[in-house]
Every structure is written in structure tokens, then in C-alpha cells.
Amino acid sequence: MEFDTVIHGGTIVTPTESWQGDLGLVGGRIAALAERLPGGARRIDATGRLVLPGGIEAHAHIAQESSSGLMSADDYYTGSVSAAFGGNSSFIPFAAQHRGQSVDAVIETYDSRAAPNSVLDYSYHLIISDPNEKVLTEELPRAFARGITSFKVFMTYDLMNLGDRGMLDILTVARRHGALTMVHAENNDMVKWMNARLAAAGLTAPKYHAISRPALAEAEAINRAISLARLVGAGLFIVHVSTPEGADLVARAQACGLPIHAETCPQYLAFTRADLHRPGMEGAKYICSPPLRDAATQAALWRHARRGTFESVSSDHAPYRFDASGKFANGAQPAYPAIANGLPGIAMRLPYLFSEGVAAGRISLQQFAALSSSNAARLFGMERKGALLPGYDADIAIWNPEETREVTLADQHDAMDYTPFEGMRLTGWPEHVLSRGETVVEAGELKAARGRGRFVARAPYRPDPNAPVEPELDPALNFGAEIRP
Ligand code: DUC
Ligand code: ZN
Ligand code: ZN
């Protein structure tokens with residue numbers, strides 16, 4: 001076989017093992033893996049390097065307006081370039097429907113933002129905040145049919161919260177049509193009650209954001225979300241889990257055979273609420289929701305990443321600059337509820353996970369590949385991505401596991417004016433990133449043309465057919481009532 005490219009002599013990381021050998025690429029796909037492959041119009045020397053599946057960033061806010069209308073700093077060019085420098089070959093940002101908007105129009109808008117700009121292959125998760133009859137019966141099924149097979153809903157924020165009944169209805173639609181519901185789980189009233197009490201006491205500095213959204217608010221909402229999904233027999237993906245209590249609930253549901261999935265994010269492993277206590281308004285750089293917690297939480301979340309409760313570690317890249325276009329859109333000294341929620345990290349997700357995970361001995365290379373790429377491909381239906389196996393897209397990241405570098409803003413490629421990871425020394429960096437066999441980043445330089453990325457139509461999500469059915473919905477146990485959605 002004549003290869004377009006042979007990646008030679010690296011340690012190849014497959015889902016089951018790591019071994020030294022060659023990878024042969026033809027027409028943008030992986031064609032062969034062997035101890036030694038001859039030829040190749042192009043030969044890439046990977047001696048001393050790790051050859052990993054390119055990362056799939058499954059949680060990022062790119063060219064997205066928040067519910068209050070604030071635009072994220074990164075567009076599909078800077079967002080995808082930054083992701084590529086961070087070892088990713090594809091990504092799935094959100095396409096957000098705000099109240100009153102049609103889902104069809106939202107998809108059209110995001111197509112016009114992504115297609116001319118992205119250097120990486122992309123898809124979207126929808127965000128649904130207005131699940132009216134037309135959305136549930138026409139627009140969502142149409143979106144699923146064109147390969148947008150996941151969407152996020154919120155249990156918090158007045159402008160986004162669907163309420164329990166709304167959750168049941170949309171979970172039912174997802175189950176029927178083979179889509180995966182993602183959920184932001186925080187109890188809205190607990191948060192509002194805390195906000196009101198903090199405001200009444202005049203406590204509005206950034207550090208109070210951390211305590212305004214208690215761990216209990218997350219645990220309560222995760223428990224409720226799992227119960228709602230369980231009643232209708234739907235799968236559920238809980239985004240940005242930030243508490244041990246929440247992760248324990250997910251682990252318990254998984255142990256019962258329920259199709260409950262979850263991610264955590266590097267910020268919950270790397271930072272604590274002490275970072276919100278930085279001088280002046282510096283703490284605003286660390287405002288995200290759910291908020292940062294404490295060291296004991298970090299240790300518990302690592303344990304859950306290691307044991308597989310979390311199937312993905314995603315960045316939740318939500319870039320708002322430290323200026324009037326972002327964090328200070330509501331004034332120079334805003335109260336914490338008026339500060340945009342989110343921090344940037346699309347390029348730091350994998351270097352952080354590699355350094356603190358693999359290099360620090362917390363997770364294996366196979367776990368790294370699963371958490372960074374393979375599981376997202378499987379859950380979100382990117383059928384040809386996420387593994388170094390014959391027939392898969394040649395989406396590949398070649399890493400130098402020995403290189404130690406200090407993170408600086410100057411090395412970032414996003415549109416941000418800060419990185420919360422500034423000054424961190426990390427070991428293990430991606431050197432060469434390929435997408436469908438084409439070099440996107442090599443030796444610190446961008447090689448890809450704007451707009452080369454392609455939309456990826458994703459396969460449906462189907463929960464495990466052996467998952468338990470609630471007795472009240474099982475005709476064998478409920479006097480024959482056919483009420484299962
Ligand atoms: N949820 C996210 O996933 N990202 C930013 C803010 C939020 O509430
Ligand atoms: Zn969220
Ligand atoms: Zn997010």
C-alpha cells in the first residue's frame with residue numbers, strides 16, 4: 001500500500017495498549033499500524049514521542065452570546081486555532097437558542113460563524129432555553145436528523161431554567177429520537193436565596209461568588225436530574241461536575257446500570273475558591289459556574305476521573321476578557337452576579353490533564369486518551385474519530401512527554417487577555433497536530449487555512465437497552481399501562 005504519510009517510530013496509544021511502531025495514513029484516514037511501515041510520500045519522525053488520538057474538545061463556548069447578550073471573545077478562528085495548539089483535532093462548541101429564537105435559525109447562524117473560520121472539524125451541541133411545542137416536535141427532530149444529536153439544558157438561571165416538567169418533556173424527546181441531553185445542574189432557588197442574603201449584607205466582591213453557589217445546590221440538582229432522566233428512561237450527560245457529592249451520585253447511578261454520563265473540567269482540578277480571593281478585581285478572572293471549590297474536592301474529582309465516573313475532562317472554555325468587552329461589561333467594580341461567568345482554557349485542557357494526570361502518575365495513557373478524545377467520540381457520535389485504529393480519521397496529536405514549559409499569556413492563541421493557568425509549569429506538550437491527515441500545527445506554527453474544518457454529522461445516542469426500567473413505567477409491573485415515552 002502506498003501511504004501519503006507515515007508517522008514513524010513513536011509510541012502509539014490505542015484504546016488497549018501503547019507500543020512502539022508506525023502509523024500509515026491514506027486519504028486522510030488511518031490505513032495501517034505496524035511495527036515498521038515502508039514508504040510514505042511524507043515521513044514524520046516520532047521517535048521519543050507519544051502518538052495519541054487528537055483531542056476532541058466537547059465543551060466550549062465559541063462565538064456564542066450569553067443569555068444577557070454578551071459575546072464570547074473567541075470566534076471559530078481563534079477558538080479552533082487555540083484548540084489545535086492545545087492538542088485537539090476537533091471540537092463541539094455550543095449553538096445557543098435563547099428565548100423566542102427558532103432552532104433552525106440558530107443553526108444557520110452558527111453555520112455562518114463556523115464554516116468560513118474553523119481550522120478544525122466541528123459540530124455543535126444545541127443549548128435549548130425555549131422548548132416550545134414547535135421546538136420539541138419539529139425543530140429538535142430536524143436538528144437531530146442532520147447530525148446535531150446532543151443539546152444542553154439548564155436547571156438554573158431564570159432566563160434558561162426549564163423547570164422539572166420542561167426537563168421531563170425534553171428528555172422524552174431526546175430518548176425518542178436518539179439524542180443526548182446535557183445538563184447544567186444547580187438548584188436555582190438555592191443560588192438565588194444565597195445571592196439575596198449576600199446582597200442584603202453588602203457582600204458583593206468576586207470572592208463571594210464562590211459561596212453563592214453552594215456544593216449542595218449542585219448535588220441536589222444532579223440528584224434531581226438523574227431522577228428525571230431515570231423516570232423517562234433517557235440518557236443524561238452532566239456537564240462541569242464540581243463536587244464530590246455530585247460525582248458520587250453519578251457513580252452510584254452508573255453502578256445501577258443507568259445511562260448517566262459526566263465530565264469535570266481542569267479548573268475544578270487546578271484552582272480553588274482561594275483564587276477568587278485575589279487582590280482587587282483579579283478574582284473576577286476565576287468566576288465560573290459552578291464555582292471553584294477546595295483542595296479536598298480536587299482530590300475527590302481526580303479519584304472520579306481515575307475510576308471512570310467522568311468519561312470526559314472538558315475545558316468549558318468560556319472566554320470573557322478582563323475588560324469592558326467581557327468581565328467588566330457592567331462597570332469597573334460590578335457586584336459578582338453582574339460579572340460574566342467563565343474562564344478560558346481550550347488550549348490548556350490537555351497539557352494540564354497530561355501533566356497533572358499522566359506525568360504525575362494519576363492516570364494512564366489509555367485513560368488520558370479516553371478522557372481527552374475517545375469517550376467524547378463515542379458518546380457524542382463522532383464515529384470516525386477518537387481512536388488510532390484502521391479506518392478512523394487521521395486525527396492525531398504527537399506529544400513530547402518530556403518537555404516542561406511555563407504557561408504564559410504570550411504563548412496563547414486565543415483572543416483573551418489573561419490565562420488563569422499563567423505561571424504553571426507543565427510537563428508534556430503537543431508538538432504536531434493533524435486533522436484528517438493534514439498538519440494543523442507543527443513546531444509552534446499554524447499550518448492550516450482558515451475554514452478548512454468540516455462540519456461533522458454525528459450519530460444518534462442510544463442508551464443501553466439493558467438499563468433498568470422504573471417499575472411504574474414497565475407494563476409487566478404496572479398493570480399493563482403503556483405509558484413509557
Ligand atoms: N455554564 C457553562 O457551561 N459555561 C459557562 C457558564 C455556565 O453557566
Ligand atoms: Zn453550564
Ligand atoms: Zn460551558
Side-chain angles (χ1 to χ4, degrees), residues 56-74 79 83 91-98 110 123-129 150-162 167 180-188 190-192 194-195 206 209-210 212-215 217-219 221-222 224-225 236-243 246 261-268 271 276 284-293 310 312-321 326-327 329 336-346 348-349 376 380 414 416 420:
I56 298 175
E57 170 59 80
H59 187 152
H61 302 272
I62 306 293
Q64 184 200 316
E65 295 95 350
S66 71
S67 58
S68 60
L70 197 63
M71 188 55 135
S72 60
D74 281 305
F91 67 157
I92 316 177
F94 290 93
Q97 180 221 25
H98 295 296
Y110 280 83
S123 182
Y124 325 109
H125 312 288
L126 291 165
I127 285 176
I128 300 296
S129 66
S150 53
F151 60 87
K152 181 182 176 190
V153 294
F154 288 76
M155 301 173 82
T156 191
Y157 305 129
D158 285 346
L159 290 175
M160 309 293 287
N161 179 14
L162 296 195
M167 287 276 293
L180 182 55
T181 305
M182 307 161 81
V183 66
H184 178 133
E186 286 184 291
N187 180 303
N188 198 33
M190 283 188 186
V191 173
K192 284 165 70 175
M194 290 293 283
N195 281 342
H209 171 78
S212 73
R213 311 182 80 90
E218 179 175 281
I222 287 179
R224 190 156 33 99
L236 188 67
F237 185 98
I238 301 165
V239 295
H240 49 50
V241 174
S242 69
T243 57
H261 314 283
E263 67 176 13
T264 192
C265 312
Q267 48 271 36
Y268 302 113
F271 310 121
L276 282 107
K285 293 179 176 174
Y286 294 85
I287 286 187
C288 58
S289 292
L292 306 174
R293 310 288 184 186
F310 298 127
S312 176
V313 173
S314 307
S315 72
D316 194 1
H317 181 73
Y320 298 106
R321 289 169 60 92
K327 293 284 181 184
Y336 71 81
I339 297 174
N341 247 316
L343 41 83
I346 202 165
M348 287 299 110
R349 169 181 83 114
F380 296 118
D414 57 17
M416 287 296 293

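Indexing begins at 1, ligand by ligand and atom by atom, following the structure's order. What you see below is based on every heavy atom in this structure, not just the backbone, and it leaves out hydrogens, waters and symmetry mates.
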J.: Consider ligand 1: state whether an atom of it lies below 4.0 angstrom from any non-hydrogen atom of Val239.
T.: no

J.: Just checking, any donor-acceptor pair under 3.5 angstrom between side chains of Asp316 and His61?
T.: yes

J.: Distance only, no hydrogens: is a donor on one side chain within 3.5 Å (strictly under) of an acceptor on the other, for His98 and Glu65?
T.: no

J.: Quick one, Ser242 with Glu218, criterion side-chain hydrogen bond (donor to acceptor under 3.5 Å, both in side chains). Give me CA distance, side-chain angles, the key distance, then yes/no.
T.: CA-CA 8 Å; Ser242 69; Glu218 179 175 281; 2.8 Å; yes

J.: Run the numbers for me: atoms of ligand 1, each under 4.0 Å from some heavy atom of Tyr157, listed by number.
T.: 7 (C), 8 (O)

J.: Only heavy atoms of His184, strictly under 4.0 Å: list the atoms of ligand 1 that pass.
T.: 1 (N), 7 (C), 8 (O)

J.: With a cut-off of 2.8 Å, does Val239 place any N/O/S atom under that distance from the Zn ion (ligand 2)?
T.: no

J.: Of all the N, O or S atoms in His61, which has the shortest distance to the Zn ion (ligand 3)?
T.: NE2

J.: What does the angle at the Zn ion (ligand 2) come to, between atom NE2 of His240 and atom NZ of Lys152, rounded to 10°?
T.: 120°

J.: Which atoms of ligand 1 are found less than 4.0 Å from any heavy atom of Ser289?
T.: 1 (N), 7 (C), 8 (O)

J.: Taking backbone and side chain together, does His184 place any N/O/S atom at a distance below 2.8 Å from the Zn ion (ligand 3)?
T.: no

J.: Within 2.8 Å of the Zn ion (ligand 3), is there any N, O or S atom belonging to His317?
T.: no

J.: Verify whether the ring centers belonging to His209 and Tyr286 lie closer than 6.0 Å.
T.: no

J.: Have a look at Asp316 and say which of its N, O or S atoms is nearest the Zn ion (ligand 3).
T.: OD1

J.: Are the ring centres of His317 and Phe91 closer than 6.0 Å?
T.: no

J.: Is the closest side-chain donor-acceptor distance between Asn341 and Tyr320 under 3.5 Å?
T.: no

J.: I need the nearest protein heavy-atom contact for atom 3 (O) of ligand 1: residue, atom name and distance, please.
T.: Lys152 NZ, 2.7 Å

